[in-house]
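Because the structure is a prediction, the values reported are computed rather than measured.
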Amino acid sequence: MAFNFEQDTDWIFTFCKNCWDFKKFIFNKPINFETKASYNGICVSCKKEQRINLKEARDYYDHLNDHNN
């Protein structure tokens with residue numbers, strides 16, 4: 001399933017610097033990949049808040065989408 005950047009979402013999977021693995025992060029509001037450089041998200045595994053670089057996350061999901069289409 002491809003990631004849809006046009007749809008409002010308040011979570012993504014990205015690398016957790018505390019767990020040292022890709023984990024699900026939740027955010028207080030929907031993510032806007034176009035206007036924001038980063039957001040604070042909370043890892044659902046370790047519950048630590050981290051600053052998530054949205055460009056890196058967007059590049060990761062673009063790469064996955066390329067392989068899913």
Side-chain angles (χ1 to χ4, degrees):
M1 181 170 84
F3 190 84
N4 183 353
F5 291 101
E6 305 303 320
Q7 186 178 16
D8 283 347
T9 185
D10 62 353
W11 62 271
I12 60 170
F13 282 94
T14 193
F15 189 77
C16 176
K17 297 169 192 148
N18 191 57
C19 297
W20 284 88
D21 199 4
F22 278 81
K23 299 293 182 178
K24 183 177 183 179
F25 280 79
I26 55 173
F27 302 88
N28 291 332
K29 58 184 177 182
I31 303 164
N32 187 331
F33 287 94
E34 302 301 321
T35 62
K36 296 287 186 178
S38 61
Y39 271 101
N40 285 340
I42 298 174
C43 175
V44 298
S45 293
C46 67
K47 308 293 189 233
K48 300 285 184 186
E49 184 176 37
Q50 296 176 40
R51 194 84 174 151
I52 305 300
N53 180 321
L54 294 180
K55 180 179 180 343
E56 290 175 3
R58 175 80 189 234
D59 291 345
Y60 171 75
Y61 278 103
D62 279 339
H63 179 74
L64 289 179
N65 285 349
D66 289 343
H67 292 283
N68 285 323
N69 292 331

*asked:* Working note: Cys16 + Ser45, criterion side chain to side chain contact (heavy atoms under 4.5 Å, CB included); need CA distance, chi angles, decisive distance, verdict.
replied: CA-CA 9 Å; Cys16 176; Ser45 293; over 6 Å; no
_side chain to side chain contact (heavy atoms under 4.5 Å, CB included) evaluation trace for Phe27 with Ile12_ = CA-CA 9 Å; Phe27 302 88; Ile12 60 170; 3.7 Å; yes
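No side-chain heavy atom of Asn28 sits less than 4.5 Å from a side-chain heavy atom of Tyr39. Side chains of Cys43 and Cys19 form a contact here, defined as non-hydrogen atoms less than 4.5 Å apart.
The minimum heavy-atom distance between Asn53 and Lys55, with the atom names listed, is OD1-N, 2.9 Å. In plain terms, the two heavy atoms of Asp10 and Lys29 that are nearest each other are CB-O, 3.9 Å. Residues Phe15 and Gln50 approach most closely at O-OE1, 4.3 Å, considering heavy atoms.
For the atom pair CZ (Arg51) and CG (Asn40), the distance works out to 4.5 Å, reported to the nearest 0.5 Å. With values rounded to the nearest 0.5 angstrom, Lys48 atom NZ is found 12.0 Å from Phe25 atom CZ. Here the OG-CG distance, from Ser38 to Leu54, works out to 6.5 Å after rounding to the nearest 0.5 Å. Separation of atoms NZ (Lys23) and CG (Asn18) is listed at 10.5 Å; rounding is to 0.5 Å.
Within 6.0 Å of atom CG in Asp21, more than 12 heavy atoms from other residues, nucleotides or ligands are found, so the atom counts as buried in its surroundings.
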